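Since the structure comes first, as structure tokens, the remarks are kept for the end.
Numbers restart at 1 for each chain; the letters A, B, ... are given by sequence-line order, proteins then strands. On a predicted model such as this, the values are computed, not experimentally measured, just so you know. Worth knowing before you read on, the calculation uses all heavy atoms, side chains too, and leaves out hydrogens, waters and symmetry mates.
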Amino acid sequence: MFLSLRAEVEDALEGALSELDFPTDDLGIEEPPDDVDSVLASSVAFRLASEAGAPPPQVAGQLANEIDADELTYVAEVQTQGPYLNFLPSGAYLAETLETATDDAYGALPDRDTSVVVEHTSANPTGPVHVGRARNPIIGDAVANLLDYAGYDVDRHYYVNDAGRQMAVFTWAYETFDEDDLEDGPERDRVEYDLVRYYRKGNAFLENGPDEEVAEAEAEIESIMQGLEEGDDETYERVSEVVDQVLSGMRECLERLPAVFDEFVKETRFMRNGDTEELVGRLKDLDEAVYEEDAWQLDLDEHGIDKNLVFLRSDGTSLYATRDLAHHEWKFDNYDRAVTVLGEDHKLQARQLRTALELLGNDTKPLEQVLYSYVNLPEGKMSTRRGTGVDLDDLLDEAIDRARQEVEDRLDDRIRDDDLDDEDVERIAHQVGIGAVRYDVVSKQPTKAITFEWDRALDFEAQSAPYVQYVHARCCGILEEAGFEPDAIAAGEINVASDLDADLLGTEAEQGLLETIGRFPAVVDEAADDLEPHQIATFTREFADRFNAFYRECPVLADGVDPELREARLALVAASKYTVANALSILGVAAPRSM
RNA sequence: GGGCACGUAGCUCAGUCCGGAAAGAGCGUCGGACUUCUAAUCCGACGGUCGUGGGUUCAAAUCCCAUCGUGCCCGCCA
């Protein structure tokens, strides 16, 4: 609805400008500050002042006179305030917003008939997922949800690095060492915690072991790499045994968030189907291809990248980057757009990838990257190989424990008489605990550096998930109290009369809430365009503020409330419920029925 | 050394792409509000040379240049 309003305002303003012979290239449309009544405004008058030979406020007046609000559907009135033009929403705008928003798909944009693959996480299958990487699945999942909501046809991919040197090392270590060789037991009863011990042991051995034995190990590792390159089935099986086990454990961890994938794409796929070999041939034919120190590389100096892209080692094996080129051509063949969520430390590689893809004749516009900066510990970087870092499992466990404690502490002074049972407590603990972790990550611009601190990551106060979740629970509480079935609320099947009178919602709190609800689809649209899910988080906070003001000032079910007003307010609560539930679902944060 | 990102209140962050309404939240501090749909809430107070210096503009946190600080990258690793 907001989108229609904006279109209408743009049209009207453009018409007025051309009528007065002013240029129409910049309409100066903006959203006014909170203390202004309008929903949209324009600052064009500033720019026209010199051309018009009149001060801005006078120009604004001329424009306002030129626009006949009676001919507009969603605009009730055009006012000037100094140099600004303010467009006030009409009753029809608010009524249509209310009607549109009382729908469980509110905020979802029309199908764009465009497919997009969102690749995220893609952590090497070397061990437990740690917090240093946790931004990736959380942001990635939200980006995918966001695009889905914005009308794209989304596939979520995890690209599995199962052909790199690390996996060869892991496979060798797994086959070479026994349980007896390992110092400690697994930190957790799950397969990747078990196997990572071999990986760490292997790496330590390669670093500090006796030279002769290390040389033998290196020879074995080299033969595994060669086997993979040649597409040897037995080697593939050996490596797969490690990869598949570790990956299954990591997957379980990610599902706790939950971050789920449509497909785990293994890079060996592009070696075994011949794509990599074919691609290497094409790379060698490029003008930029050079053969230096027995290795094939791309000299990208001319393209502003001073680091060569090595695509074939001197031993003839391909590199991650080589296979990733084949991987991306495959994406281009199968999707209209390709979005990758990756750490800022991969930025240079991303530039090399894009440039090489261009040189190979691909149009790389469909390829977009969302970059985030790593989460570090106060004492430094997290590393799977060295075993430094906080496991995501531990963070989630702690978050749930603290949330459970919170719920139990509050149990005694609950006003609401809804008898939370043990199951509810556990449900709330999970929803709030995990929600808080996700919200904390997804609500910030990904490019900002984060240093991990337990208390900060698990702060339930602040501008956190529980604050927004609580609004949802309040909506549900009111709806339940009004007689709607909890199950229907959970399923989003709240049926309120659609012919009710939005004019009844006349207070500032009600109008402000309705206007905020009306902006939601536009926020989804813009956030999706920018690939910035944190815009949705910012919106949920503004929305929660508005809702709380309404909650404070506008009783819905109290005895003195007129039945018609009660219905209208109930519809507003239902619309609020859908808005906040859907916004939270984009963020991947649970919307609790009660808390 | 070079490239990229970040720098807004004591702390954590919106706002920056696309310049416009005397800089907005939360936490913390201080003071208030539960016989009323859930107080994980709300109201009020205190708190800011938007890193610094220049420039462009009627107008700069926002654009340009320089500079300082922090992070990341500059492997035949991923």
Side-chain angles (χ1 to χ4, degrees), chain A residues 26 28-30 32-36 41-47 49-50 55-56 81-84 86 122-124 126 161 164-167 292-297 304-308 310-315 317 319-321 324 343-349 351 371 373-374 376 403 406-407 409-410 413-418 428 432 440 443-445 447-451 456 459-467 469-471 473-482 530 532 534-535 537-538 541-542 544-545 548-549 551-559 561 569-570 573 594-595:
Chain A
D26 185 354
I29 302 276
E30 57 192 71
D34 286 342
D35 53 353
V36 175
S42 169
S43 59
V44 257
F46 280 111
R47 257 150 282 153
S50 63
Q81 192 169 333
Y84 294 96
N86 281 313
S122 302
N124 297 336
T126 51
N161 165 24
R165 193 186 137 79
Q166 290 179 66
M167 293 324 299
E292 285 173 10
E293 297 174 44
D294 299 331
W296 277 96
Q297 352 196 338
I305 300 173
D306 54 17
K307 183 195 168 197
N308 280 9
V310 179
F311 60 89
L312 211 56
R313 293 188 181 97
S314 51
D315 66 2
T317 57
L319 292 92
Y320 178 88
D324 206 21
E344 61 169 353
D345 50 335
H346 290 245
K347 207 165 174 175
L348 179 59
Q349 291 89 285
R351 279 183 62 207
L371 296 158
S373 90
Y374 256 52
N376 288 321
E406 247 349 273
V407 183
D409 289 351
R410 291 166 198 271
D413 44 35
R414 270 179 85 82
I415 292 175
R416 191 176 165 78
D417 176 29
D418 57 357
I428 296 166
V432 168
D440 181 57
S443 61
K444 290 170 184 147
Q445 290 186 55
T447 45
K448 303 244 185 188
I450 293 183
T451 300
R456 189 165 292 156
D459 185 1
F460 296 154
E461 302 295 326
Q463 299 171 318
S464 63
Y467 175 71
Q469 290 175 313
Y470 190 59
V471 166
R474 275 182 154 173
C475 290
C476 291
I478 294 171
L479 292 164
E480 269 184 58
E481 191 73 24
D530 299 343
E532 290 186 347
H534 82 267
Q535 291 183 24
T538 303
R541 217 171 297 147
E542 287 169 16
D545 288 344
N548 284 324
Y551 185 88
R552 183 180 70 244
E553 287 165 27
C554 305
V556 180
L557 306 174
D559 290 340
V561 181
R569 285 184 175 167
L570 217 40
V573 173
S594 62
M595 58 188 281

For a quick check of understanding: with a heavy-atom distance under 4.0 Å over all strands, which category does [X] fall into, base, sugar-phosphate or nothing?
{"X": "A/Asn86", "result": "base"}
{"X": "A/Ala473", "result": "base"}
{"X": "A/Val471", "result": "nothing"}
{"X": "A/Ser43", "result": "base"}
{"X": "A/Val310", "result": "sugar-phosphate"}
{"X": "A/Ile428", "result": "base"}
{"X": "A/Ala41", "result": "base"}
{"X": "A/Cys475", "result": "nothing"}
{"X": "A/Ser50", "result": "nothing"}
{"X": "A/Val573", "result": "nothing"}

Next on the checklist: Looking at A/Arg351 and A/Gly304, would you say the former's side chain and the latter's main chain have a donor-acceptor pair under 3.5 Å?
Outcome noted: yes
Item to check | Donor-acceptor under 3.5 Å (A/Ser373 side chain, A/Lys448 main chain) | outcome: yes
When the distance from [atom1] of [X] to [atom2] of [N] is rounded to whole Å, what number comes out?
{"X": "A/His346", "N": "B/rG75", "atom1": "NE2", "atom2": "C1'", "result": "13 Å"}
{"X": "A/Asp345", "N": "B/rG71", "atom1": "CG", "atom2": "C1'", "result": "11 Å"}
{"X": "A/Glu542", "N": "B/rG26", "atom1": "CD", "atom2": "C1'", "result": "13 Å"}
{"X": "A/Tyr374", "N": "B/rC72", "atom1": "OH", "atom2": "C1'", "result": "11 Å"}
{"X": "A/Arg541", "N": "B/rA14", "atom1": "CZ", "atom2": "P", "result": "8 Å"}
{"X": "A/Gln349", "N": "B/rC77", "atom1": "CD", "atom2": "P", "result": "13 Å"}
{"X": "A/Glu30", "N": "B/rA59", "atom1": "CD", "atom2": "C1'", "result": "12 Å"}
{"X": "A/Ile450", "N": "B/rC11", "atom1": "CD1", "atom2": "P", "result": "17 Å"}

In terms of side-chain heavy atoms of [X], which of [options] is nearest?
{"X": "A/Lys448", "options": "B/rU8, B/rA5, B/rC77", "result": "B/rU8"}
{"X": "A/Pro32", "options": "B/rA21, B/rC77, B/rC37", "result": "B/rA21"}
{"X": "A/Glu406", "options": "B/rC18, B/rA78, B/rA40", "result": "B/rA40"}
{"X": "A/His534", "options": "B/rA40, B/rA14, B/rC73", "result": "B/rA14"}
{"X": "A/Gln81", "options": "B/rA21, B/rC58, B/rA40", "result": "B/rA21"}
{"X": "A/Ser314", "options": "B/rA78, B/rA39, B/rC76", "result": "B/rC76"}
{"X": "A/Lys307", "options": "B/rC42, B/rA40, B/rG75", "result": "B/rG75"}
{"X": "A/Gln463", "options": "B/rC6, B/rG26, B/rA40", "result": "B/rG26"}
{"X": "A/Arg313", "options": "B/rA14, B/rA78, B/rU41", "result": "B/rA78"}
{"X": "A/Gln445", "options": "B/rA21, B/rC42, B/rG15", "result": "B/rG15"}

Paired with [N]: which nucleotide, if any, by Watson-Crick or G-U wobble criteria at under 3.5 Å for both distances?
{"N": "B/rG75", "answer": "none"}
{"N": "B/rG7", "answer": "B/rC68"}
{"N": "B/rA61", "answer": "none"}
{"N": "B/rU49", "answer": "none"}
{"N": "B/rA21", "answer": "none"}
{"N": "B/rC42", "answer": "B/rG32"}

Checklist entry - Which atoms form the tightest heavy-atom contact between A/Val44 and A/Gly28, and what is the distance? => result CG1-N, 4.2 Å
Please state the [atom1] separation for the pair [N] and [M] - nearest whole angstrom.
{"N": "B/rG71", "M": "B/rC27", "atom1": "P", "answer": "30 Å"}
{"N": "B/rG48", "M": "B/rA22", "atom1": "C1'", "answer": "14 Å"}
{"N": "B/rA21", "M": "B/rA40", "atom1": "C1'", "answer": "35 Å"}
{"N": "B/rU52", "M": "B/rG69", "atom1": "C1'", "answer": "11 Å"}
{"N": "B/rA23", "M": "B/rG47", "atom1": "C1'", "answer": "13 Å"}
{"N": "B/rU57", "M": "B/rC43", "atom1": "C1'", "answer": "41 Å"}
{"N": "B/rC58", "M": "B/rG53", "atom1": "P", "answer": "23 Å"}
{"N": "B/rC65", "M": "B/rG24", "atom1": "C1'", "answer": "29 Å"}

Checklist entry - Start at the 5' end of RNA chain B and walk down; is the nucleotide closest to A/Gln297 or to A/Glu481 reached first? => result A/Glu481
Item to check | Verdict with reasoning, A/Arg541 to A/Ser443, per side-chain contact (heavy atoms from CB on, under 4.5 Å) | outcome: CA-CA 10 Å; A/Arg541 217 171 297 147; A/Ser443 61; 3.5 Å; yes
Next on the checklist: To the closest 0.5 Å, what do you measure between CD (A/Gln469) and CD1 (A/Ile428)?
Outcome noted: 10.0 Å
Checklist entry - Rounded to the nearest 0.5 Å, how far does CZ of A/Phe460 lie from CD of A/Glu406? => result 6.5 Å
[X] side-chain N/O to [N] phosphate OP1/OP2 under 4.0 Å:
{"X": "A/Tyr320", "N": "B/rC76", "value": "no"}
{"X": "A/Asn548", "N": "B/rU41", "value": "no"}
{"X": "A/Tyr467", "N": "B/rC42", "value": "yes"}
{"X": "A/Arg552", "N": "B/rC43", "value": "yes"}

Checklist entry - Yes or no on side-chain contact (heavy atoms from CB on, under 4.5 Å) for A/Leu348 and A/Ile305, after CA distance, side-chain angles and deciding distance? => result CA-CA 8 Å; A/Leu348 179 59; A/Ile305 300 173; 4.1 Å; yes
Item to check | Anti versus syn assignment for B/rC34, with syn defined as within 90° of 0 | outcome: syn
Checklist entry - What do the steps show when you test A/Tyr467 against A/Asp545 for side-chain contact (heavy atoms from CB on, under 4.5 Å), and what is the final call? => result CA-CA 10 Å; A/Tyr467 175 71; A/Asp545 288 344; 2.5 Å; yes
Checklist entry - Is there side-chain contact between A/Thr317 and A/Arg165, with at least one heavy-atom pair below 4.5 Å? => result no
Item to check | Contact check, side chains of A/Arg313 and A/Leu319, non-hydrogen atoms, under 4.5 Å | outcome: yes
